Structure formats: structure tokens, C-alpha cells
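Labels below follow one simple rule: chain letters A, B, ... track the order of the sequence lines, proteins then strands, and each chain is numbered from 1. On a predicted model such as this, the values are computed, not experimentally measured, just so you know.
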Protein chains: 2
Amino acid sequence: MIVWRWKCINNIDLEDCPIAIAQKIIGGKWVLRLLYHLSTGILRFGELNRKMPEVTQATLTKELRRLEGFQLIKRKVYPEVPPRVEYSLTEIGMKLLPVLKELEIWGDEYKKYIKQ
Amino acid sequence: MIVWRWKCINNIDLEDCPIAIAQKIIGGKWVLRLLYHLSTGILRFGELNRKMPEVTQATLTKELRRLEGFQLIKRKVYPEVPPRVEYSLTEIGMKLLPVLKELEIWGDEYKKYIKQ
DNA sequence: CTCCATACTATCATTTTAGATAGTACCTAT
DNA sequence: ATAGGTACTATCTAAAATGATAGTATGGAG
């Protein structure tokens, strides 16, 4: 049996706890899907929106700005008309992709487990 | 550069998408912390609550039941007085721990990245 | 009889998150 | 002059999540 050793079990300083940080960032309803769409490359706002039609423009904008604030996402504005804005992952954002991949694998296992 | 291949990018069937499933389950505000407290072993309700004093009893109960519903958590009731209820991870719940570990590592990297 | 411990449940209030809808700015093409 | 395309912003509303608080059940100890 594996004994798990964590950085901050029983630690009160949640600001500093890496797991609490991760939860705060990836807890949002759309984050994981946003990340995985962006994992395939740069996308414009409209493209993203079309890939996730259940999100409203307003919500998508807010979520993108939030993740930009956390520096997981880069936002590049082209001063053109009609406007063009491209979104992509930052370096630290990309480092979440392996975790996302594992989550996907787990999700798949979970599905099988539940179905029997 | 790694090309990421996912099960359901551009797939509309979100019910079936492992990432959408994962997001739904671990999206809750307390999930990750709950899991990692339980990763160290069986805990009683009160013990858990003492480890996470910012959660109210009501919320903790609801969250535990939700995760029990998803079968990540086992709930064992002892017919004693005063009551005793023990919580632990199920098999499929434990399979999330490696992912949690990676998230922790990422969180740590993130902290460093942000600080400079 | 009263109090204690434990793990709740029930209500109501508040906060957070997301959705619906409409409007804006700007240059280009017709 | 007008319409079109894009990425917004601004309000308002609705829904979901969480918090605060009080109450319940039970049997044993004193």
C-alpha cells in the first residue's frame, strides 16, 4: 500500500497549499474543457465559443480573463477590424496538460467502473 | 512539441466525455482537500471536520454524500451511541490520488513561477 | 433526571456563479 | 448609406453553492 505524503495536510496556511491553489484555479465549470481545447493550439474567441456552444459569450469572456489573470492563458489582440483576438496556453498552462491527460484516463476508468 | 490527443475534443456528447465527467466530480470547492485528507486513511466525520474547520457541518455532509453518490467514498455507520461514522476512499477514489499528487506538484511549480 | 457526545437534518439567508439579452466600436465591402 | 463581422461590455435575472443557526436522536455516566 502506498503511503501518500503531501505538502500541507494539517497545515492551516491554505494560501500556500499547492492543492488548495490548484483547486481554486481549476475548480471553475469550464476550465478543464477550455484547457484541452487550447491544448491543440491557438484559438480565436469565436472558435472557442463554437467549440463550447453551451457557454455564453459573457461567461466565456469572464472565464478567459480569470485564467489570463492566473497566467495560464495568453491573450493576443490584433488591432484590426473586425477585431481578432487569439488565445493560447502559457508555459505554466501547458504544464497542466499531463495532469489533464491523467484526469482523462481516470475519467475513462471511472466510466467503466460505474457501468458494471 | 507534444501533440495532445484527446478522447472527445469536438465531441458533443459531454455525458460521455471523460474530462467533462472528471470536471463535474472534482469541480466542487472542497473535493481535492477531502480526497487528500482521506488518502491517509479512514476518518470519522468529526475528524474530517476538524481538519477542515472552514467547512460547515452541513456543507461537509452534503459534499461527502455527493462523493459517496459518485462512489469515490465509502461510508460506514456503526450503530452505537454516540454515533460513529467512518469515511474512506473506494478503489476508484484511490485511483485519483496519483492525479492529485501531480496536481500538487503542478501547484508547487505554479507558486514558484508566479513569485518571480 | 440531566447532561454529554456525535453525526447528523432542516431552514433560511447570503454569496457566488452562470445565463439571457441587448448594445457598442470599428473598418470594409457593397 | 447601410449592412456585416468580431469580440466584446453592461445589466439584469436565475440558479447553484455555501454559510449560519438551531434542533434531533440515542444511551450511558453521574
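- With 3.5 Å as the limit, one finds a donor-acceptor pair spanning the side chains of B/Trp6 and A/Ser39.
- For B/Pro82, taking side-chain heavy atoms from C-beta onward, the closest of the listed nucleotides C/dC8, C/dT21, C/dA5 is C/dA5.
- Nearer the 5' end of DNA chain C, as judged by each residue's closest nucleotide, is the contact made by A/Gly28, out of A/Glu80 and A/Gly28.
- Rounded to whole angstrom, the span from the CD atom of B/Glu86 across to the P atom of C/dT6 amounts to 14 Å.
- Side-chain proximity of B/Val81 to D/dG27, D/dT18, C/dG19: nearest is D/dG27.
- Here A/Tyr87 reaches the OP1 or OP2 of D/dC8: one of its side-chain N or O atoms lies under 4.0 Å away.
- Considering only side-chain atoms of A/Trp30, the nucleotide from D/dC8, C/dG19, C/dA7 that sits closest is C/dG19.
- Rounded to a whole Å, the CZ atom of A/Phe45 is 17 Å from the P atom of D/dG5.
- Between B/Arg65 and the phosphate of C/dC8, there is a side-chain N or O to OP1/OP2 separation shorter than 4.0 Å.
- C/dA18 atom P lies 15 Å from atom CG of A/Asn49, rounded to whole Å.
- Ion pairing of A/Glu109 with A/Lys112 is absent here, as no side-chain N (NZ or NE/NH1/NH2) approaches a carboxylate O to less than 4.0 Å.
- With D/dG19, C/dA18, C/dA7 as the candidates, the nucleotide lying closest to the side chain of A/Lys62 is C/dA18.
- Dashed line: the shortest gap from a side-chain N or O of B/Arg84 to OP1 or OP2 of C/dA7 is not under 4.0 Å.
- For B/Leu64 and C/dT6, the CG to P distance is 17 Å, given to the nearest whole Å.
- One atom, CZ of A/Arg33, and another, P of C/dA18, lie 13 Å apart when rounded to the nearest Å.
- Counting only distance, with no hydrogens or angles, the side chain of B/Lys111 and the backbone of A/Asp16 share a donor-acceptor pair below 3.5 Å.
- With A/Tyr78 as the partner, the side chain to side chain donor-acceptor pair (under 3.5 Å) test is satisfied by one option alone out of A/Glu86, A/Arg84, A/Arg44: A/Glu86.
- With hydrogens and angles disregarded, no donor-acceptor distance shorter than 3.5 Å links the side chain of B/Gln71 to the backbone of B/Gly93.
- Comparing A/Arg50 and B/Pro83 along DNA chain D, the residue whose closest nucleotide (by nearest heavy atom) sits nearer the 5' end is A/Arg50.
- Nearest nucleotide to the A/Glu63 side chain, out of C/dA18, C/dA20, C/dA10: C/dA18.
- Atom NZ in B/Lys24 sits about 11 Å away from atom P in D/dA17, given to the nearest Å.
- Among the heavy atoms of the strands lying under 4.0 Å from B/Lys29 are primed sugar atoms or P, OP1, OP2 only; no base atom is included.
- Between D/dT18, C/dT9, C/dT21, one nucleotide has an atom nearer to the side chain of B/Thr61 than all others, and that is C/dT9.
- One finds a side-chain N or O of A/Thr59 lying less than 4.0 angstrom from the OP1 or OP2 phosphate oxygen of C/dG19.
- Residue contacts for B/Arg66: at a heavy-atom cut-off of 4.0 Å it reaches no nucleic acid atom on any strand shown.
- An OP1 or OP2 oxygen of C/dT6 is reached within less than 4.0 angstrom by no side-chain nitrogen or oxygen of B/Arg44.
- Between B/Leu34 and the choices B/Val55, B/Leu64, B/Ile26, the side chain to side chain contact (heavy atoms under 4.5 Å, CB included) rule is met once, by B/Leu64.
- What separates CG of B/Leu60 from C1' of C/dT6 is a distance of 13 Å, to the nearest Å.
- A/Lys76 places its NZ atom 15 Å from the P atom of D/dA7, with the value rounded to the nearest Å.
- Closest to the side chain of B/Gln57, from the set C/dT6, C/dT21, C/dA7, is C/dA7.
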